[in-house]
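If you read the sequence from its start, that first residue is 1, and numbering goes on from there. For ligands, and for the atoms within them, numbers begin at 1 and follow the listed sequence.
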Amino acid sequence: MTADLLIRGARPYGEGGPVDLLVRDGVVAEIGQGLAGPESGETLDADGLVLLPGLVDLHTHLREPGGEESETVATGSAAAALGGYTAVFAMPNTDPVADSAVVVEHVHRLGEEVGLVDVHPVGAVSVGLAGERMAELGTMAASRARVRMFSDDGRCVHDPVLMRRALEYASSLDAVIAQHAEDHRLTAGAQAHEGVVAAQLGLAGWPATAEETIVARDCALAREAGARLHVCHVSSVHTVAVLRAAKAAGVRVSAEVTPHHLLLTDAALTGYDPVHKVNPPLRTGDDTAAMRAALAEGVIDVVATDHAPHATQYKDTEWAAAKPGMLGLQTALSVVVRAMVEPGLLDWRGVARVMAERPAELGGLTDQGRPIAVGEPATFCLVDPDGIWTVRGAALASRSANTPFEGMRLPATMAATVLRGRITARNGVVAPMDAARDGKVVA
Ligand code: DOR
Ligand code: ZN
């Protein structure tokens, strides 16, 4: 057996002294000090870098098939690798919708061809995301894509009868239903968080109760079915209270928060720049504070990006016409450092938990989010905790540029990402096998 990689002088979880890791055949073969470099293969100088398990994103919009003007599997995978991710869950609101074995297998295969991150397709709950008939969850689960998460994200599974059946059926497949919790009757025409800012700007309000009530209903349905429910992009302080009570009562519910709901508030909307339009909307400082506390406490389990690329024509328009959504993959870690690590709410061990270990567990991945130990897959990211960078949408690997963090100076830079012993990104550049399918990504 040949060694493929030596990582020299990294600090696992930012704890203890620096160690070397020798990687052979994609697996950690030795951890120690002063290890000899590989006869063949590469050495990664990780002096001063924090070593974490590769990040896992439960909520990514890759847009392919059908939305290639905004993102492709290739450009989205490049953004993911550069952001420290080694696996992403691709949401099904594509065109055609990923509601059949054919489409999920197609997306899965595209992910394999690009090879920068493991792409796990999320299957739709309802045919065409129409919220009426249940999609064939079983055939998607049995397909080559082995789907274990189903969601109508972008839309809420509104019909309680459909939601109840989907939970029961998913349970028999050992799968989870990820709900975009929004009572569409309460948010009809909504453009921004219902509150003072929306009133001042003359934008129709999206009441937080539209999220809270669906989460309460779904927790009851999940309890009754003994099924697993995952709540996408929690945004309201009131939803946290519902989750806390449900978890205390033993309901099998998990939840995610996005980086933007940890850091940004509706105060950002005053310039009417649609880059800040997102669903659920940016809310108040009380809400961001509640998101941070709930994530630190574990009431919210994970950070998920809701990476939602939109081409210029969908964003450079008046507020009401603009599509909701913002980029997330390349900025997530830095935003989590700003919102959680700097204020002392999470340490690096905690970051590994909410961005890698727990997402892998919830997504049913057995080879991601693993401990940093001999015999485990060499699937990592290496963070420079002292790095500082300025976000420029045009410089991101995504095919779109709709970042709400434009011009911000953020802490922590991603030095390298390693997937099963192979470097997929290093110092802001994706591996040479990148992006065969798109010219924007520079090797
Ligand atoms: O802002 C959002 N954008 N929220 C969603 O739920 C869907 C997403 C998208 O697909 O653009
Ligand atoms: Zn959503």
Side-chain angles (χ1 to χ4, degrees), residues 57-73 76 79 88-99 107 121-126 128-129 131 149-158 163 176-184 187 190-193 203 206 208 210-211 214-215 218 229-236 239 255-261 264 266 268-269 273-283 300 302-315 317 319-329 332 398-404:
D57 190 20
L58 290 179
H59 195 141
T60 305
H61 295 275
L62 292 177
R63 302 291 186 227
E64 196 172 354
E68 292 84 354
E69 70 279 24
S70 295
E71 194 78 291
T72 65
V73 173
V88 300
F89 284 73
M91 281 297 172
N93 60 340
T94 48
D95 184 11
V97 169
D99 60 2
V107 173
V122 177
V125 172
S126 69
L129 304 177
M149 178 177 274
F150 297 94
S151 181
D152 272 3
D153 183 62
R155 305 272 312 160
C156 181
V157 180
H158 208 265
M163 186 60 180
V176 62
I177 303 289
Q179 176 71 296
H180 169 117
E182 170 181 359
D183 187 326
H184 296 297
T187 62
Q191 295 291 332
H193 168 67
L203 296 173
W206 199 124
E211 176 178 286
I214 293 288
V215 174
D218 287 352
L229 167 72
H230 178 72
V231 181
C232 295
H233 42 54
V234 173
S235 64
S236 157
T239 303
E256 68 188 36
V257 61
T258 68
H260 47 272
H261 287 110
L264 306 176
D266 60 355
L269 271 57
D273 184 343
V275 80
H276 296 112
K277 182 171 173 177
V278 67
N279 194 14
L282 301 178
R283 300 199 190 272
I300 292 177
V302 302
V303 172
T305 66
D306 196 3
H307 178 82
H310 287 300
T312 316
Q313 63 265 36
Y314 303 127
K315 276 296 197 184
T317 169
W319 185 277
K323 291 198 178 185
M326 28 183 76
L327 299 184
L329 287 168
S398 175
R399 202 162 204 183
S400 299
N402 54 307
T403 173

Q) Is ligand 1 under 4.0 Å from a heavy atom in the side chain of P324, in the backbone, in both, or in neither? A) both
Q: Taking D153 for its side chain and A178 for its backbone only, find out whether a donor-acceptor pair lies under 3.5 Å.
A: no
Q. Nearest to atom 11 (O) of ligand 1 by heavy atom, M91, R63, K323: which?
A. R63
Q.
One residue to check: H180. Relative to ligand 1, which of side chain, backbone, both or neither has a non-hydrogen atom less than 4.0 Å away?
A. side chain
**Q.** Atoms named by residue and atom, protein N, O or S, within reach of the Zn ion (ligand 2) (under 2.8 Å)
**A.** D153 OD1, H180 ND1, H233 NE2
Q: Within a distance under 4.0 Å of any heavy atom of V278, pick out the atoms of ligand 1 and give their elements.
A: 1 (O)
**Q.** Nearest-contact summary for atom 8 (C) of ligand 1 - protein heavy atom, Å
**A.** H61 NE2, 3.7 Å
Q | Side-chain heavy atoms of V302 within contact of H230, under 4.5 Å | A | yes
Q: Only counting residues at least two apart or in another chain, list the ones meeting side-chain contact (heavy atoms from CB on, under 4.5 Å) with T187.
A: E182, H184, A190, W206, P207, A210
Q: Examine the proximity of ligand 1 to M326 and report which part, side chain or backbone, both or neither, has a heavy atom under 4.0 Å away.
A: neither
Q) Closest non-hydrogen protein atom to atom 10 (O) of ligand 1, residue and atom name please, with distance? A) N93 ND2, 2.8 Å
Let me check something: any side-chain donor-acceptor pairs from residues 303-312 under 3.5 Å, sequence neighbours excluded? List them with distances.
| from | atom 1 | to | atom 2 | distance (Å) |
| --- | --- | --- | --- | --- |
| T305 | OG1 | D57 | OD2 | 2.4 |
| T305 | OG1 | H59 | O | 3.2 |
| T305 | OG1 | H307 | N | 2.9 |
| D306 | OD1 | H59 | NE2 | 3.0 |
| D306 | OD1 | H61 | NE2 | 3.1 |
| H307 | ND1 | G328 | N | 3.0 |
| H307 | ND1 | L329 | N | 3.2 |
| H307 | NE2 | E71 | OE2 | 2.8 |
| H310 | NE2 | R63 | NH2 | 3.4 |
| H310 | NE2 | P324 | O | 2.7 |

(Q) The criterion is side chain to side chain donor-acceptor pair (under 3.5 Å); which residues satisfy it with T403, sequence neighbours excluded? (A) none
